[in-house]
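The structure appears right after this line, and notes come after that.
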Amino acid sequence: MDADRPGSRVARRIACRLDGRRSHRLLDRSFALPSPSDDLASDLTIDFVGGAVGHRHRFGGGRGQDLPKAAGFAKGFTPTIVDATAGLGRDAFLLASLGAQVTLIERSPQVYARLSEAIATARAADPATAAAAERMTLLHGDARELLTALSPDVVTVDPMHPERTSSALVKKDMRTLRDLVGTDPDQLELMTAALAAARKRVVLKWPRKAPSMPGLRAPSHQIIGKTLRYDVFMTPQT
């Protein structure tokens with residue numbers, strides 16, 4: 001039953017630790033979707049079973065991929081993770097497929113609804129996909145608020161990056177996602193909240209050649225790929 005899922009227990013614990021009225025608003029799953037965006041949301045495809053995500057799950061590079069390395073996966077250690085900007089959920093599913101318990105936070109009600117459907121579908125799929133989906137907990141709300149009640153090893157942040165000069169470089173789902181959620185003018189506030197919540201590190205996903213986020217301290221180290229880089233901020237506890 002849903003009430004017995006790990007995600008349901010996490011949501012209940014967060015609700016108890018946040019202000020009652022606000023937590024009810026943030027965690028309520030019975031919200032109504034704003035009708036002006038319904039058609040746009042219907043164009044958004046989130047699929048953890050087939051397509052590129054399913055192929056990556058079956059044939060990907062495991063813990064040797066850039067994101068798991070940035071998140072601190074190591075032999076004998078699998079971190080607990082909060083994905084503070086869930087979006088299409090692809091990074092969260094990758095991390096969950098590698099054994100991590102991942103809490104996804106999404107503040108767009110339309111994207112949250114599509115993610116919820118995709119996770120439910122994945123839980124009814126083949127055993128490996130279902131096991132990964134069971135390790136995913138989805139929350140609706142503002143990550144800056146919800147992070148105050150969480151204490152993961154790692155927080156990942158992937159803000160909506162500036163649009164590329166050639167729209168052909170941006171895939172349809174990413175264009176639709178950008179149209180739904182807009183920009184992230186509060187990304188520095190989110191990073192501040194993430195740095196306060198993470199027990200070990202914060203991983204910022206950022207365009208490879210883009211300047212650093214204004215106002216943010218230098219990362220502890222970086223993992224650089226072909227088009228993206230992961231800026232890693234270690235958060236030692238005193």
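Computed from heavy atoms alone, side chains included, the values below leave out hydrogens, waters and symmetry copies.
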| query | Does Ser108 offer a backbone N or O that forms a donor-acceptor pair with the side chain of Glu106 under 3.5 Å? | reply | yes

| task | Hey, could you give me the CG/CD1 distance between Leu115 and Ile46, rounded to the nearest 0.5 Å? | result | 4.0 Å

| query | Side-chain contact, heavy-atom cut-off 4.5 Å: Leu228 with Arg208? | reply | no

| Ignoring hydrogens and geometry, is there a side-chain-to-backbone donor-acceptor pair from Arg199 to Val154 under 3.5 Å? | no

| message | Using modelled atom types and a 3.5 Å cut-off, is there a donor and acceptor pairing between side-chain atoms of Arg201 and backbone atoms of Ala70? | response | yes

| said: Would you compute the distance between atom OG1 of Thr78 and atom NZ of Lys75 and round it to the nearest 0.5 angstrom? | reply: 13.0 Å

| Within the side chain of Thr103, is there an N or O that forms a donor-acceptor pair under 3.5 Å with the backbone of Val82? | no

| said: Check Arg107 with Asp186, please: is the shortest side-chain N to carboxylate O separation under 4.0 Å? | reply: yes

| query | Below 4.5 Å, heavy atoms only, C-beta onward: do Ile81 and Val155 meet side chain to side chain? | reply | no

| remark: Shortest non-hydrogen pair, Phe93 vs Ala132, comes out as CE1-CB, 3.7 Å

| remark: Between Ala71 and Pro79 the two heavy atoms that sit nearest each other are O-CG, 3.7 Å

| remark: Closest non-hydrogen contact found for Pro214 with Leu188 is O-CD2, 3.7 Å

| note | Here the pair of heavy atoms bringing Met160 nearest to Gln187 is O-NE2, 4.4 Å

| request: Give a yes or no on whether the backbone of Val203 and the side-chain of Thr156 come within a donor-acceptor separation of less than 3.5 Å. | output: no

| Under 3.5 Å, is there a donor-acceptor pair linking the side chains of Ser97 and Arg135? | no

| field | Glu134 side chain near Arg123 side chain, heavy-atom distance below 4.5 Å | value | yes

| Taking all non-hydrogen atoms of both residues, which atom of Ser116 and which atom of Leu138 are closest, and how far apart? | N-CD2, 3.5 Å

| Would you say the side-chain atoms of Arg229 pair up with the backbone N or O of Ala210, donor to acceptor, closer than 3.5 Å? | yes

| field | Interatomic distance, Trp206 atom CH2 to Ile224 atom CD1 [nearest 0.5 angstrom] | value | 14.5 Å

| query | Would you say the side-chain atoms of Asp231 pair up with the backbone N or O of Pro219, donor to acceptor, closer than 3.5 Å? | reply | no

| Heavy-atom side-chain contact between Leu147 and Leu190 under 4.5 Å | yes

| task | Starting at CG of Leu44, measure out to CD of Glu117 and round the result to the nearest 0.5 Å. | result | 10.0 Å

| Can you find a side-chain donor-acceptor pair between Asp158 and Thr85 that sits under 3.5 Å? | no

| note | Here the pair of heavy atoms bringing Ser220 nearest to Arg217 is OG-NH1, 4.2 Å

| note | Rounding to 0.5 Å, atoms CG (Leu204) and OH (Tyr230) come to a distance of 10.5 Å

| query | If only atom types and distance count, is the side chain of Thr129 paired as donor or acceptor with the main-chain N or O of Ala122 below 3.5 Å? | reply | no

| request: May I ask you to test the Asp83-Ile105 pair for a side-chain heavy-atom distance under 4.5 Å? | output: no

| query | Where do Lys205 and Asp91 land on the side chain to side chain contact (heavy atoms under 4.5 Å, CB included) test, with the steps shown first? | reply | CA-CA 10 Å; Lys205 188 176 181 179; Asp91 288 344; 2.9 Å; yes

| What distance do Gln65 atom CD and Leu98 atom CG have between them, rounded to the nearest 0.5 Å? | 6.5 Å

| message | Under the criterion side chain to side chain contact (heavy atoms under 4.5 Å, CB included), I'd like the reasoning laid out for Phe233 against Leu216: C-alpha separation, chi angles, the key distance, then a yes or no. | response | CA-CA 10 Å; Phe233 301 82; Leu216 186 63; 3.4 Å; yes

| query | Taking side chain as C-beta onward, heavy atoms only, is Ile119 less than 4.5 Å from Phe48? | reply | yes

| task | Report yes if some heavy atom in the side chain of Gln222 is under 4.5 Å from a heavy atom in the side chain of Val232; otherwise report no. | result | no

| message | Could you tell me if the side chain of Met213 sits less than 4.5 Å from the side chain of Pro159, heavy atoms only? | response | yes

